[in-house]
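In what follows, a single structure is set out as structure tokens and then discussed.
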2 protein chains.
Amino acid sequence: MSEQKENVQLSERKKQILANVVELYIKTGEPVGSKGLINAAGMSVSSATVRNEMNELDSMGFLEQPHTSAGRIPTQEGYRYYVDHLMKTREVDELTKRLIDAGVSSAVGDPEKLIAKSREILANLTKCATVSTAPVGEMTLIRKIEVVPVGVYSVMMVLLTSNGILKSRLCRSDTEITPSVLEKFYGIAKTFIIGKPAVEITPAYIQTLTAAIEGDYFTMLPLLAAVSELADSVGDSRLVLGGSSNLLSFKDYGSGAVALLEFLSKSEPLTDVINSSKGAFDVRIGSENKYKQLESSSVIVSKYSVNGDDTGTISVIGPTRMDYETIIPSIKYMTDIVGRLITQALEE
Amino acid sequence: MSEQKENVQLSERKKQILANVVELYIKTGEPVGSKGLINAAGMSVSSATVRNEMNELDSMGFLEQPHTSAGRIPTQEGYRYYVDHLMKTREVDELTKRLIDAGVSSAVGDPEKLIAKSREILANLTKCATVSTAPVGEMTLIRKIEVVPVGVYSVMMVLLTSNGILKSRLCRSDTEITPSVLEKFYGIAKTFIIGKPAVEITPAYIQTLTAAIEGDYFTMLPLLAAVSELADSVGDSRLVLGGSSNLLSFKDYGSGAVALLEFLSKSEPLTDVINSSKGAFDVRIGSENKYKQLESSSVIVSKYSVNGDDTGTISVIGPTRMDYETIIPSIKYMTDIVGRLITQALEE
DNA sequence: ATTAGCACTCGAATCGGCAGAGTGCTAATT
DNA sequence: AATTAGCACTCTGCCGATTCGAGTGCTAAT
């Protein structure tokens, strides 16, 4: 709607004003007026001057007024400029650091628990919703398959990946699962499945196996089908949402909160939201998210790396009016520590 | 506050009126007036008569008025009387039955999936929140322990119970976990742990074991600690909440919905709520639940039995103004089918 | 370039009045 | 004795008018 926001050069004072409007609005939730801005930011110019500047920021597209005679609030572009250029990228707060360290310490050693814990901590810290995904990537390998007999016709199939993720499923066959059946299955698994990337163990791949198997493969089929299902669910990347009820306390959403929670509770679109982030760290503000349900929310996605390769994510979802300046360092610190601890836990 | 509600005998007409008020109020959410009641229920008496009867039901404590000149709404005792004596206990609706059957069919054979699915289906069907617990009881035994090497110092410990519940945890030791360590561990497990009820495998019990172990048990400790932790988490009964965002759509809760969701998101009190239900089927209305956060909600807890002994639960939580008449048959049908399917899946 | 001053706009809160739904009571009816 | 018609009464929700205050944009002076 206005000129190139990216390359535009703002005067020092405009930057200062924009930053202060954003920060004050984040703090109070009320539109910021010229008068209020001056004494909150301790500026030594008159309100008229500020009004002039604000007016220009307005027509540049960084600020807007909810109605003619109200203060200003940041537009989506305003937040964007703030996050990109104005925000102080400070270190994580000492207290926060302590809280995170103490919180994860109870879960060191177990990736799954660790991730759950990190979600919980971050939800409490940010008062937003958090989403975590397990560390699954293209190179996540099937490390081990274990078949635990449960009955004559059924077994518990357990699959362990190179990232310490374990998936299991009860599997029932029409025919008796004898030790020799199991032995044959282990043979097949060892040759064709163990060590392969989980993403490659598709139903189609299982199909090709049946040709390679000598003798009757009917007895193998239920077992192999279970394996492919499990391998597939590894790729599900185990997305979990937490703290969503936090979002209800933000007056920003008004009655739209219901629709938002509804949206977040479905895992397919949420997966898409998380996966469409670029790079190791990504802040997406308002309609930068392609889903209209998120148009007044921001999503911060931060990736953690395990052994430098496979990656999971920890994300924070909240209103565009979220406290970027403290949330961003927190989530960065959290992903860093989670990545390191999981790597360490999986160390040979 | 008024005379003995339990033993009180209501005239046929009073019963009819109470039932109709409850049902109409459940349907519309609006206080029910004498006029509206007559033409909704097709009664052939005048509104004045109905008013007189309502007045008496009012002073008996079954109905109340939100304000002097409004229609009547049921009190908690009104709902109670309705559920106990007036409600038609009809069979589950044919369509619902189909939906449930179709829904669970995709998860037959895997208890965990089945339970998750049942939660989801029931949440959609009832538009309320649902809670499920896994089938864990006093007699849930440790069936098998599997130790999968992950690295030199770490293993994935997998524990399978007699109910098909599988729990796992990464476990890291300070000392090298050699095959001989594992062999020794399996020996201990076989003798002292396998076949025992999960609830008995406490840290204290592990303590007593260390005395029984010959040679250095330091290498065993991390492994045994992991086992006890897993056994303990079996008793956690794996409570999961679903469909909580459904509750937001009920205007009944108004702004209290936030607090309710907050309450439900914490698992300790929720566990308590579920566990304090008596018998195989229990409806608790409003303040019959001891938590004040539930004073305008009803909780329906239904137990399913696996092999007749261990039991898990499926529950529905919603406003006191919920559609008992259709929800109750649905949840009963659901628990019945879930119990049967799990029993079948675990059959020898 | 900055600022003081002023007219103007718009939302939020307050208030009275009005319409409607529903009640309880009384007196008439069956 | 039970039912009903009729009526006065009460309370809520809604509409419109009014006021109040915060904040703006513009103009003219510094």
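The sequence lines fix the lettering, A, B, ..., with proteins before strands; numbering per chain opens at 1.
Following rounding to the nearest Å, B/K35 (NZ) and D/dC7 (C1') show an atom-to-atom distance of 14 Å. Rounded to whole Å, atom C1' of D/dG23 lies 14 Å from atom CG of A/L63. Between B/R51 atom CZ and C/dG22 atom P there is a gap of 10 Å when expressed in whole angstrom units. Atom-to-atom, CG of A/N52 to P of C/dT2 comes out at 9 Å; the value is rounded to the nearest Å. Rounding to whole angstrom units, NE2 of residue B/H67 and C1' of C/dA21 are separated by 9 Å. A straight line from CG of A/N39 to P of D/dA22 spans 13 Å, rounded to a whole angstrom. Distance B/I73 CD1 to D/dC11 P: 17 Å, rounded to the nearest Å. Distance, B/M54 CE to D/dT3 P: 16 Å, rounded to whole Å.
For the pair B/R321 and B/Y25, the cation-pi criterion (under 6.0 Å, within 45° of the ring axis) is fulfilled.
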| task | Start with the C-alpha distance between B/N52 and B/T49, add both sets of side-chain angles, then the distance that settles side chain to side chain donor-acceptor pair (under 3.5 Å), and finish with yes or no. | result | CA-CA 5 Å; B/N52 288 333; B/T49 311; 5.7 Å; no
| Test log, rule side chain to side chain contact (heavy atoms under 4.5 Å, CB included), inputs A/T130 and A/I317 | CA-CA 6 Å; A/T130 52; A/I317 301 179; over 6 Å; no
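Salt bridge status for B/E288 with B/R80: present, with a side-chain N to carboxylate O gap under 4.0 Å.
Side-chain N/O atoms of B/S69 and base N/O atoms of D/dT10 include a donor-acceptor pair closer than 3.5 Å.
OP1 and OP2 of D/dG23 both lie 4.0 Å or more from every side-chain N or O belonging to A/S47. Between B/T68 and D/dC9, a side-chain N or O to OP1/OP2 separation shorter than 4.0 Å is absent. Checking the phosphate oxygens (OP1, OP2) of D/dG25, a side-chain nitrogen or oxygen of A/R72 falls inside 4.0 Å. Side-chain nitrogen and oxygen atoms of B/T49 include at least one within less than 4.0 Å of the OP1 or OP2 phosphate oxygen of D/dT4. An OP1 or OP2 oxygen of D/dT3 is reached within less than 4.0 angstrom by a side-chain nitrogen or oxygen of B/R13.
Considering only side-chain atoms of B/S46, the nucleotide from D/dT24, D/dT4, C/dT3 that sits closest is D/dT4. Side-chain proximity of A/Q65 to D/dG25, C/dT3, C/dC25: nearest is D/dG25.
Both distances falling under 3.5 Å, in either a Watson-Crick or a G-U wobble arrangement, place D/dT27 opposite C/dA4. The partner of D/dA1 is C/dT30, by the rule that a Watson-Crick or G-U pair needs both atom distances under 3.5 Å.
B/K14 NZ: more than 12 foreign heavy atoms inside a 6.0 Å radius.
At a threshold of 4.0 angstrom between heavy atoms, the contacts of B/N55 are confined to the sugar-phosphate backbone, with no base atom among them.
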